[in-house]
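A short write-up of the structure that comes next.
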Amino acid sequence: MTYEEIVKDIKDGNVASVYCLMGEEPYYIDKLEEFITERVMPMENRDFDMDLLYGSDVDAVRIVDSCQQFPMLGEKRLVVVREFQQMRTSQDALAEYAKNPSPTTVLVLCHKNSNLDKRKTLGKNIDKVGVVFESKKVYEKS
């Protein structure tokens, strides 16, 4: 999907359970993460219904645990994993979660400066149930 298609879908109320934002151009990844956060999670609910995690600090089991919690104040929970490319542990638990994600959670994986391997189980499962966005490098025209 393109940046514009994702923004339109979210504005229309079609929010996916899993977003994988990846690629070599971090600008669009950051903008989409910010847009999803603003649209899905009201400011007053963020302390209770949003987890902001970093790939270098968590493992797949911790991400899945966050995703399986129920929202406290709103309709949805939001779990954002920044720097997902730095996660060094097995992604098996997350791949299993992506087969059948919680309907009350929106998971956003931000994978910057490279792409998630869509041939592996996690990539395949996210592609089936969620949204995969590839942010390609923008080159200057001379």
Rounding to 0.5 Å, atoms CG (Leu78) and CG (Leu107) come to a distance of 8.5 Å
Lys99 meets the salt bridge (Lys or Arg N to Asp or Glu O under 4.0 Å) criterion, sequence neighbours left out, with Glu96
Glu5 meets the side-chain contact (heavy atoms from CB on, under 4.5 Å) criterion, sequence neighbours left out, with Met1, Thr2
Residues passing the side-chain hydrogen bond (donor to acceptor under 3.5 Å, both in side chains) test with Asp30, sequence neighbours excluded, are Lys112
Sorted by chain and residue number, the salt bridge (Lys or Arg N to Asp or Glu O under 4.0 Å) partners of Asp117 (sequence neighbours excluded) come out as Arg119
Q: Answer yes or no: is there a side-chain heavy-atom contact under 4.5 Å between Asn113 and Glu24?
A: no
Output side-chain donor-acceptor pairs under 3.5 Å for residues 52-60, partner residues at least two apart or in another chain, one line each.
from	atom 1	to	atom 2	distance (Å)
Tyr54	OH	Arg82	NH1	3.0
Asp59	OD1	Val61	N	3.4
Asp59	OD1	Arg62	N	2.9

Heavy-atom nearest pair, Ile126 first then Ala98, reads CG1-CB, 4.0 Å
dist Phe84:CZ -> Leu109:CG (nearest 0.5 Å) comes out at 5.0 Å
Rounded to the nearest 0.5 Å, the OH atom of Tyr97 sits from the CG atom of Asn125 at a distance of 12.5 Å
Residues passing the ring pair (Phe, Tyr, Trp, His ring centres under 6.0 Å) test with Tyr3, sequence neighbours excluded, are Tyr28
Hits for side-chain hydrogen bond (donor to acceptor under 3.5 Å, both in side chains) against Asn115, two or more places apart or cross-chain, chain-then-number order -> Glu134
By side-chain hydrogen bond (donor to acceptor under 3.5 Å, both in side chains), Asp92 pairs with (sequence neighbours left out) Ser90
Between the OG1 atom in Thr37 and the CE atom in Met50, the distance rounded to the nearest 0.5 Å is 4.5 Å
Applying side-chain hydrogen bond (donor to acceptor under 3.5 Å, both in side chains) to Thr121 and not counting sequence neighbours gives none
So the salt bridge (charged side-chain N to carboxylate O under 4.0 Å, His left out) pairs with at least one residue in residues 34-52 (sequence neighbours excluded) are Asp51-Arg77
So NE2 of His111 and CD of Gln86: to nearest 0.5 Å the spacing works out to 10.0 Å
Applying side-chain contact (heavy atoms from CB on, under 4.5 Å) to Tyr27 and not counting sequence neighbours gives Glu25, Lys31
d(Met22 CE, Cys110 SG) to nearest 0.5 Å is 12.5 Å
Residue pairs passing the side chain to side chain donor-acceptor pair (under 3.5 Å) test with at least one member in residues 9-21, sequence neighbours excluded, are Lys8-Asp12
